[in-house]
Structures are given as structure tokens and as C-alpha cells.
Amino acid sequence: MASTNLAAQQHASKEKLIADFEALIADTEELLGATAAQGGEKMVAMRSRMTDRLADAKQRLDTVQKAVVDRTRVTVKATDDYVRGNPWQSVAIAGGVGFVLGFLLTRVGSSSKS
């Protein structure tokens, strides 16, 4: 169960990173569009470099997203297979984790009232 929670946190962190990266790409595209009317050799060269880097970044982001989705599917499948193959062990583990969490939360709640 703890590994499932850790995996969920890692997945959420990856999703946040991907979302932030997508926002950065959108902002960069908007900036490139806003400077399209700007002249000058340096501006043209800079827009060209940024366009190339942006295309590369989009491709890498797509690769990362696919890898995250694939790993998530594998993890979900493995968890499902384990639970279906070991239903009583899964119930016992879930009960044990629930008991420990309940015990810890009760201790923390009672110590904060003191």
C-alpha cells in the first residue's frame, strides 16, 4: 500500500511537471507569434532557434507522456493481478495498513490536544 501511495505521488508529480512544461510551450508559442512582425536578422535567427527547440521540446514531452501512461498501465495491471491472485492477503494488508494509520492518527490527535 505504501508503494502504491508513493507511485501515486510520483505520478502526480510527473503530471504536474508535464502540465507546467505544456504551459511553457504554449507561452513560448505565443511569444514567437507576438514577435513575428519584429524585423532584424537577430530576431529572425532567434525565432528560428526557438522554433526548432520548441519542436524538439514538444517531441520529448510527447515521449515522456507516453512513457508515464505506459508505466501507469503496467503498475495498475500488476496491482490488479496481485489483488485478484491474492485476495485474502490483499484484505489483510489493507486492514493492517488501516489499523496502523488509525493508531497513528489517534496518537497524533491525542497528543495535539495535550
Side-chain angles (χ1 to χ4, degrees):
M1 286 295 179
S3 65
T4 304
N5 190 24
L6 179 60
Q9 288 175 346
Q10 288 176 340
H11 180 71
S13 295
K14 289 176 186 177
E15 288 295 323
K16 172 82 170 95
L17 181 61
I18 288 170
D20 290 347
F21 199 62
E22 286 173 337
L24 177 63
I25 288 172
D27 290 347
T28 304
E29 286 176 331
E30 185 179 341
L31 178 62
L32 286 172
T35 61
Q38 300 293 323
E41 193 174 306
K42 285 186 178 183
M43 282 298 282
V44 170
M46 184 173 63
R47 272 196 306 274
S48 176
R49 280 193 318 269
M50 290 300 294
T51 301
D52 291 344
R53 288 181 183 167
L54 192 56
D56 183 50
K58 283 181 178 181
Q59 191 244 348
R60 284 189 287 170
L61 178 61
D62 187 47
T63 302
V64 168
Q65 283 179 313
K66 286 178 183 176
V68 167
V69 168
D70 290 345
R71 277 189 243 138
T72 300
R73 284 186 182 141
V74 168
T75 302
V76 167
K77 174 88 171 95
T79 302
D80 185 57
D81 289 347
Y82 179 81
V83 169
R84 288 178 189 271
N86 304 292
W88 291 111
Q89 284 179 335
S90 300
V91 169
I93 291 170
V97 169
F99 177 77
V100 170
L101 287 175
F103 178 75
L104 292 174
L105 290 174
T106 303
R107 300 246 327 154
V108 169
S110 66
S111 67
S112 65
K113 290 180 183 178
S114 300

- Side-chain contact test, heavy atoms from C-beta onward, threshold under 4.5 Å: evaluate it for Val69 versus Gln65 and give yes or no. no
- Query: Got a second to check how far Arg107's CZ is from Leu104's CG, nearest 0.5 Å?
  - Reply: 8.5 Å
- Query: Are Tyr82 and Val97 co-members of a hydrophobic cluster defined by side-chain heavy atoms under 4.5 Å apart?
  - Reply: yes
- Query: How far apart are the closest heavy atoms of Val83 and Ser90, and which atoms are they?
  - Reply: CA-OG, 3.4 Å
- Met50 CE to Leu31 CG distance, which is reported to the nearest 0.5 Å: 7.0 Å
- Set of salt bridge (Lys or Arg N to Asp or Glu O under 4.0 Å) partners for Arg60, sequence neighbours left out: Asp56
- How far does CG of Leu54 sit from CD of Gln59, to the nearest 0.5 angstrom? 12.5 Å
- Distance col, row Ile93:CD1 vs Trp88:CH2, nearest 0.5 angstrom, shows 14.0 Å
- Message: Between Asp62 and Lys58, does any NZ, NE, NH1 or NH2 come within less than 4.0 Å of an OD or OE carboxylate oxygen?
- Response: no
- Output every pair passing salt bridge (charged side-chain N to carboxylate O under 4.0 Å, His left out) with a member in residues 73-102, not counting sequence neighbours, ordered by first then second residue. Lys77-Asp81, Asp80-Arg84
